[in-house]
Amino acid sequence: MSVLYLARVSLLLELVTVHPIPPWPCVPRSRGRGCCLVSSYLFGFIVPCVCVSNPFSCCCHSSFLRWRHFCPSHLIGCCSNRRNAVDAFRVNVIHARQQVRSPVTNIARTSFFHVKRSNIWLAAVTKQNVNAAMVFEFLYKMCDVMTAYFGKISEENIKNNFVLIYELLDEILDFGYPQNSETGALKTFITQQGIKSQLQTKEEQSQITSQVTGQIGWRREGIKYRRNELFLDVLESVNLLMSPQGQVLSAHVSGRVVMKSYLSGMPECKFGMNDKIVIEKQGKGTADETGKSGKQSIAIDDCTFHQCVRLSKFDSERSISFIPPDGEFELMRYRTTKDIILPFRVIPLVREVGRTKLEVKVVIKSNFKPSLLAQKIEVRIPTPLNTSGVQVICMKGKAKYKASENAIVWKIKRMAGMKESQISAEIELLPTNDKKKWARPPISMNFEVPFAPSGLKVRYLKVFEPKLNYSDHDVIKWVRYIGRSGIYETRC
């Protein structure tokens with residue numbers, strides 16, 4: 001699909017198992033919401049037929065969706081050829097002779113979007129040119145909701161939780177439109193057993209209605225904690241490809257800001273970082289700040305936010321303002337490509353001694369403050385396929401040759417900043433008739449450091465709750481930085 005747009009949609013969502021079961025009668029609906037649940041097998045596939053005649057739009061915040069529709073019209077009807085669609089999907093995808101690698105399969109002018117969990121297939125079927133990313137986002141969100149309710153998505157769990165899945169689909173899809181898919185909000189009115197409570201008061205029911213139809217579907221009212229705490233983790237993954245001479249060929253950092261919120265009421269939070277645009281606008285890029293943080297500011301190339309973030313304020317003021325969900329959630333994701341702090345430098349030296357011997361020497365240097373400690377350091381030095389034996393000498397840590405992986409694995413528990421260590425190895429080679437030279441794969445490295453390689457710093461984290469009369473000073477805040485290696489390689 002080269003061009004995807006929002007058009008008239010007719011989706012058929014199915015949960016299909018690998019092994020067919022004898023037919024099972026249709027299950028009637030409990031409420032007429034424009035979504036029909038049919039089961040042609042004992043647990044075989046759950047079919048909410050969604051046929052709508054009006055377009056809809058979605059506002060995307062990271063991996064979460066907020067859906068809305070314009071001028072809802074009447075339900076057209078259910079798909080009469082659902083059995084044929086399922087059979088076509090089973091024959092051409094599930095039991096195909098060749099492995100189906102693409103998640104989108106076109107069969108007889110019909111597009112099948114599918115994801116697989118264990119031996120369960122979730123498929124969306126359409127004959128229109130729909131937004132594929134939106135369809136997959138809904139399927140993955142459905143998987144997350146089911147996992148949150150009954151754990152692993154398996155054949156047995158689908159059998160045992162059939163009614164629960166039916167109720168979830170009934171709430172998530174409304175008049176043919178995906179609605180509230182937040183697990184926290186769903187659990188307030190769908191119990192673990194899938195049975196709705198009959199003892200809810202009118203006040204509780206009104207709260208549920210406001211959650212489903214209102215703007216704050218990710219947090220319920222009336223939350224109270226003895227101690228208000230807020231945990232913030234800056235998790236970054238640094239990726240690097242370096243030449244043998246030490247020239248950086250490519251480097252970028254992928255980061256996530258993860259929060260754990262244990263706050264009472266409906267607090268308003270404001271989060272600020274040393275974004276280059278903000279620093280230049282406020283004129284705070286002074287020498288004092290540069291000396292404290294090590295970097296004046298960072299240039300964020302792109303970022304995505306959780307749906308709780310007010311995007312209008314970020315666009316105008318570059319401030320991240322939000323009402324946080326209760327518990328753990330991912331506030332934002334970002335990526336940077338400039339002025340990256342490379343925690344380690346790998347210096348390789350490979351020398352061929354004749355055709356039956358290799359001498360390898362690798363030096364690693366830490367490039368951060370001496371007061372900091374890197375942990376879980378692992379260096380993988382590749383060896384030729386015709387290696388017969390390896391003798392290793394290392395100054396620090398432990399090194400071992402793994403023949404099954406054709407690599408020397410060097411592990412160091414801890415290493416302080418501004419230090420260096422080296423390893424030497426003699427590799428014996430078997431004679432071979434292959435005239436091709438050894439390709440020399442790059443040396444890879446894994447590690448974990450207690451700082452953000454991008455240079456990101458949390459400038460402030462403020463909390464306001466006017467109704468419960470607790471201020472920012474009453475909240476206990478914790479901030480942690482963790483930098484890990486992504487694909488961190490040096491050519492040798």
Side-chain angles (χ1 to χ4, degrees), residues 1-4 7-29 35-52 76-147 150 152-166 168-170 172-173 176 178:
M1 297 183 182
S2 57
V3 180
L4 298 175
R8 292 185 177 182
V9 181
S10 175
L11 290 181
L12 174 64
L13 297 179
E14 305 164 357
L15 273 75
V16 186
T17 58
V18 175
H19 306 290
I21 302 296
W24 185 262
C26 298
V27 179
R29 282 186 43 80
C35 171
C36 179
L37 185 66
V38 179
S39 177
S40 295
Y41 294 94
L42 181 61
F43 63 91
F45 52 91
I46 301 171
V47 186
C49 299
V50 182
C51 298
V52 299
I76 294 179
C78 296
C79 178
S80 60
N81 296 322
R82 54 182 175 269
R83 183 64 181 269
N84 295 335
V86 173
D87 291 339
F89 181 79
R90 182 183 295 107
V91 171
N92 293 275
V93 179
I94 298 178
H95 297 304
R97 293 183 179 180
Q98 297 180 351
Q99 183 180 3
V100 179
R101 295 184 178 181
S102 174
V104 182
T105 306
N106 293 317
I107 305 171
R109 297 183 180 180
T110 303
S111 299
F112 292 81
F113 305 82
H114 72 270
V115 296
K116 186 180 180 183
R117 291 293 182 272
S118 184
N119 65 332
I120 305 297
W121 299 70
L122 284 83
V125 184
T126 179
K127 288 191 175 182
Q128 305 294 330
N129 190 13
V130 299
N131 190 329
M134 179 186 59
V135 177
F136 281 116
E137 191 68 35
F138 177 78
L139 291 177
Y140 282 118
K141 192 61 184 176
M142 187 63 204
C143 292
D144 294 340
V145 171
M146 289 192 293
T147 302
F150 52 81
K152 184 180 179 182
I153 301 176
S154 63
E155 182 177 323
E156 183 178 358
N157 284 343
I158 295 293
K159 288 181 181 179
N160 297 334
N161 296 277
F162 179 83
V163 176
L164 173 60
I165 297 173
Y166 168 74
L168 289 173
L169 289 171
D170 192 38
I172 293 175
L173 288 172

(request) For Thr126 and Thr110, run side chain to side chain contact (heavy atoms under 4.5 Å, CB included): C-alpha distance rounded to whole Å, both residues' side-chain angles, the deciding distance at 0.1 Å, then the answer. (result) CA-CA 6 Å; Thr126 179; Thr110 303; over 6 Å; no

(request) Grab the two heavy atoms, one from Ala124 and one from Val135, that are nearest each other, plus how far apart they are. (result) CB-CG1, 3.5 Å

(request) Evaluate the side-chain proximity of Asn160 to Phe150: yes if any heavy-atom separation is below 4.5 Å, no if none is. (result) no

(message) According to ring-ring contact (aromatic ring centres under 6.0 Å, His included), who are the partners of Tyr140, at least two apart in sequence or on a separate chain?
(response) none

(message) For Ile172 versus Met142, what's the shortest heavy-atom pair and its separation?
(response) CD1-SD, 3.7 Å

(message) So, taking the atom named CG in Asn106 and the one named CZ in Phe112, what distance separates them when rounded to the nearest 0.5 Å?
(response) 9.5 Å

(message) Between Val130 and Phe113, is the side chain to side chain contact (heavy atoms under 4.5 Å, CB included) condition met? List the steps.
(response) CA-CA 11 Å; Val130 299; Phe113 305 82; 3.8 Å; yes

(message) Go through it in stages, so that I can follow the logic: the residues are Val115 and Cys143, the test is side chain to side chain contact (heavy atoms under 4.5 Å, CB included), and I'd like the CA-CA distance, side-chain angles, deciding distance and then a yes or no.
(response) CA-CA 9 Å; Val115 296; Cys143 292; 4.3 Å; yes

(request) Might you point out which heavy atoms bring Lys127 and Arg109 nearest each other, and give the distance in Å? (result) CG-O, 3.9 Å

(message) Applying side chain to side chain contact (heavy atoms under 4.5 Å, CB included) to Val125 and Phe89, what does each step give before you reach the verdict?
(response) CA-CA 9 Å; Val125 184; Phe89 181 79; over 6 Å; no

(message) Going by the rule side-chain contact (heavy atoms from CB on, under 4.5 Å), which residues pair with Thr147 if we only count those two or more places apart in sequence or in a different chain?
(response) Ile153

(request) Nearest 0.5 Å please: distance from the CE atom of Met146 over to the CG atom of Asn157. (result) 10.0 Å

(message) Determine whether a donor-acceptor pair (N or O, by modelled atom type, separation under 3.5 Å) exists between the side chain of His114 and the backbone of Leu122.
(response) no

(request) Hey, could you give me the CG/CD1 distance between Leu169 and Ile165, rounded to the nearest 0.5 Å? (result) 7.5 Å

(message) To the closest 0.5 Å, what do you measure between NZ (Lys141) and CG (Leu139)?
(response) 13.0 Å

